[in-house]
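Okay, so here's the structure we're looking at.
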Amino acid sequence: MGVFCRSGSFHRKFVGKSTLHDSSLLVTVRNTNYIAVSTASGLRQFHVEFLSRALGGKVFGVETTTPAGPVGQDARFNEYVIPELDVLYRVAYSITRNKTDSEDLVQDTLLRAYRAIDRFDGRYPRAWLLTIMRNAQVNRVRRKRPELMHDPDETMSRMADESAEAADAETQLMDQEFEAPIESALAALPKKFRKVVELVDLNELSYQEAADALGIPVGTVMSRLHRARRNIRQHLEASPLEET
Amino acid sequence: MATKYTNCKEVALRLQTYLDGELDDARMEEIRSHLDACIDCGFEADAFREIKNDLGSLAQPVDSDALARLRDFSARIAAEAAEAN
């Protein structure tokens with residue numbers, strides 16, 4: 001008898017062979033070790049390890065999926081989105097350079113992600129969320145500065161640059177005397193280079209994730225990043241040695 | 001062992017991608033072997049590795065209050081969706 005996994009959209013997927021006599025349908029739920037099995041005597045829950053033993057010890061690829069509707073939506077949101085809150089906030093701050101704007105941008109991203117979570121295939125949640133964040137940011141700019149929307153990619157970096165400008169000027173002035181050479185080297189970078197360094201080196205995004213966040217090709221991320229690090233190196237080499 | 005990247009110029013082109021761990025396993029190993037054997041390239045790698053580490057140390061911890069507010073916001077999204085249904 002085949003064992004089937006029923007997904008949120010009630011689509012049946014074959015996942016393996018079994019000798020489970022009274023079940024032909026598995027309803028699985030994410031974030032749990034228990035699997036609800038539709039049996040002749042009604043819906044029963046089994047621990048996944050017990051079920052595996054019952055199936056003759058075979059490890060078969062039970063695909064855990066979530067039913068559609070509000071409950072499934074919440075479960076998927078908790079599974080895919082909540083663990084990325086920290087990264088989302090860091091990236092938002094890199095983009096906006098402002099705490100209030102960062103929170104607003106993450107909130108906007110969360111709302112959009114919640115509405116779209118049923119259509120998300122579960123792969124690369126961070127990349128998915130960063131793309132949502134970029135679109136949210138472009139829309140925010142469009143509302144504030146519609147004349148800038150001829151080239152969304154260009155607008156993205158221009159908007160980030162402008163929103164960072166005021167904060168940067170003040171911070172740079174105050175920190176100049178106290179910051180470590182690496183900080184002043186980073187601050188001296190042109191903004192579009194600095195942003196990539198912040199995403200990859202400070203926030204530990206992959207090239208692809210940084211590309212998703214900024215809406216630029218991976219190759220551009222690489223070239224900006226590598227050039228930025230060379231500039232940083234030159235800056236450090238030109239810096240006077242610290243007194244000990 | 002001779003490697004594909006015995007040419008220092010080729011290694012220099014891929015050095016930072018290597019330091020970011022963004023090459024496939026085979027290429028990572030080829031460059032690692034070259035860096036072990038070539039003093040000049042090894043020095044370059046150390047310099048950029050140090051820069052990368054120093055940059056990483058600049059990362060600020062996320063404001064825990066902001067994170068808490070965002071968690072609350074997430075919970076409210078779900079609650080409001082449930083009410084609407």
Side-chain angles (χ1 to χ4, degrees), chain A residues 69-71 73-75 77-78 81-82 85-90 92-94 99-100 102-103 106-111 113-115 117 179-183 185-187 194 197-198 200-208 210 218 221-223 225-233 235-237, chain B residues 5 8-25 27-28 31 34-35 40-85:
Chain A
V71 175
Q73 204 172 359
D74 289 353
F77 189 77
N78 286 333
V81 180
I82 299 302
L85 273 183
D86 187 293
V87 170
L88 289 176
Y89 183 78
R90 285 175 188 276
Y93 188 76
S94 285
K99 288 186 177 180
T100 307
S102 304
E103 276 193 62
V106 176
Q107 287 185 359
D108 201 351
T109 305
L110 292 171
L111 270 174
Y114 189 83
R115 289 179 195 135
I117 195 83
E179 67 193 5
I182 190 73
E183 284 181 274
L186 179 62
R194 191 176 64 208
V197 171
E198 287 177 348
V200 175
D201 287 333
L202 276 70
N203 295 323
E204 299 180 346
L205 297 193
S206 67
Y207 291 171
Q208 183 62 59
V218 170
V221 168
M222 292 168 70
S223 60
L225 182 65
H226 301 173
R227 189 166 153 195
R229 288 184 187 147
R230 283 198 298 275
N231 286 359
I232 287 173
R233 186 180 183 183
H235 186 103
L236 293 175
E237 286 171 349
Chain B
Y5 294 110
C8 294
K9 278 187 181 175
E10 289 179 23
V11 170
L13 279 176
R14 292 168 176 79
L15 180 59
Q16 302 204 34
T17 315
Y18 163 81
L19 292 173
D20 289 326
E22 295 260 359
L23 295 173
D24 62 46
D25 290 347
R27 290 192 168 192
M28 291 289 286
I31 293 187
H34 181 93
L35 295 179
D40 289 343
C41 290
F43 177 80
E44 282 291 295
D46 287 345
F48 280 112
R49 192 178 285 118
E50 192 174 342
I51 287 171
K52 186 172 169 61
N53 289 342
D54 286 351
L55 287 167
S57 73
L58 297 179
Q60 300 286 325
V62 171
D63 178 350
S64 56
D65 290 341
L67 214 50
R69 285 192 294 274
L70 289 170
R71 286 187 192 284
D72 287 348
F73 181 81
S74 301
R76 284 205 307 276
I77 296 175
E80 285 172 17
E83 274 180 28
N85 286 310

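Below, chains carry the letters A, B, ... as their sequence lines are ordered, and counting in each starts from 1. The analysis underlying the following values was restricted to heavy atoms, covering all of them including side chains, and did not include hydrogens, waters or symmetry mates.
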Atom CZ of residue position Arg227(A) - does it have more than 12 heavy atoms of other residues, nucleotides or ligands inside 6.0 Å?
no
For Asp72(B), look at atom CG and say whether over 12 heavy atoms of other residues, nucleotides or ligands are found less than 6.0 Å away.
yes
Is it the side chain or the backbone of Arg69(B) that comes within 4.5 Å of chain A heavy atoms, both, or neither?
side chain
Identify which part of Gln60(B) has an atom lying under 4.5 Å from any heavy atom of chain A, answering side chain, backbone, both or neither.
backbone
Find the distance between [atom1] ([X]) and [atom2] ([Y]) and round it off to the nearest 0.5 Å.
X	Y	atom1	atom2	answer
Arg115(A)	Ile77(B)	CZ	CD1	8.5 Å
Glu103(A)	Asp63(B)	CD	CG	7.0 Å
Asp20(B)	Leu205(A)	CG	CG	11.5 Å

For a 4.5 angstrom cut-off between non-hydrogen side-chain atoms, does [X] reach [Y]?
X	Y	value
Leu70(B)	Leu88(A)	no
Leu58(B)	Glu198(A)	no
Val62(B)	Val87(A)	no

Taking all atoms of both residues into account, what is the closest heavy-atom pair of [X] and [Y], and its distance?
X	Y	result
Ala78(B)	Tyr114(A)	CA-OH, 3.7 Å
Thr17(B)	His226(A)	OG1-CE1, 3.2 Å
Asp54(B)	Ile182(A)	CB-CG1, 3.8 Å
Arg90(A)	Ala59(B)	NH1-CB, 4.1 Å
Gln107(A)	Phe73(B)	O-CE2, 3.4 Å

Among Lys99(A), Arg230(A), Met222(A), residue most engaged with chain B (heavy-atom pairs, under 4.5 Å)
Arg230(A)
Counting heavy-atom pairs under 4.5 Å with chain B, the top scorer among Ile232(A), Val81(A), Leu186(A), Leu111(A) is Leu111(A)
Short question: side chain of Glu22(B), backbone of Tyr207(A) - any donor-acceptor pair under 3.5 Å?
yes
Engaged part of Ser102(A) at the chain B interface, taking heavy atoms whose separation is under 4.5 Å
neither
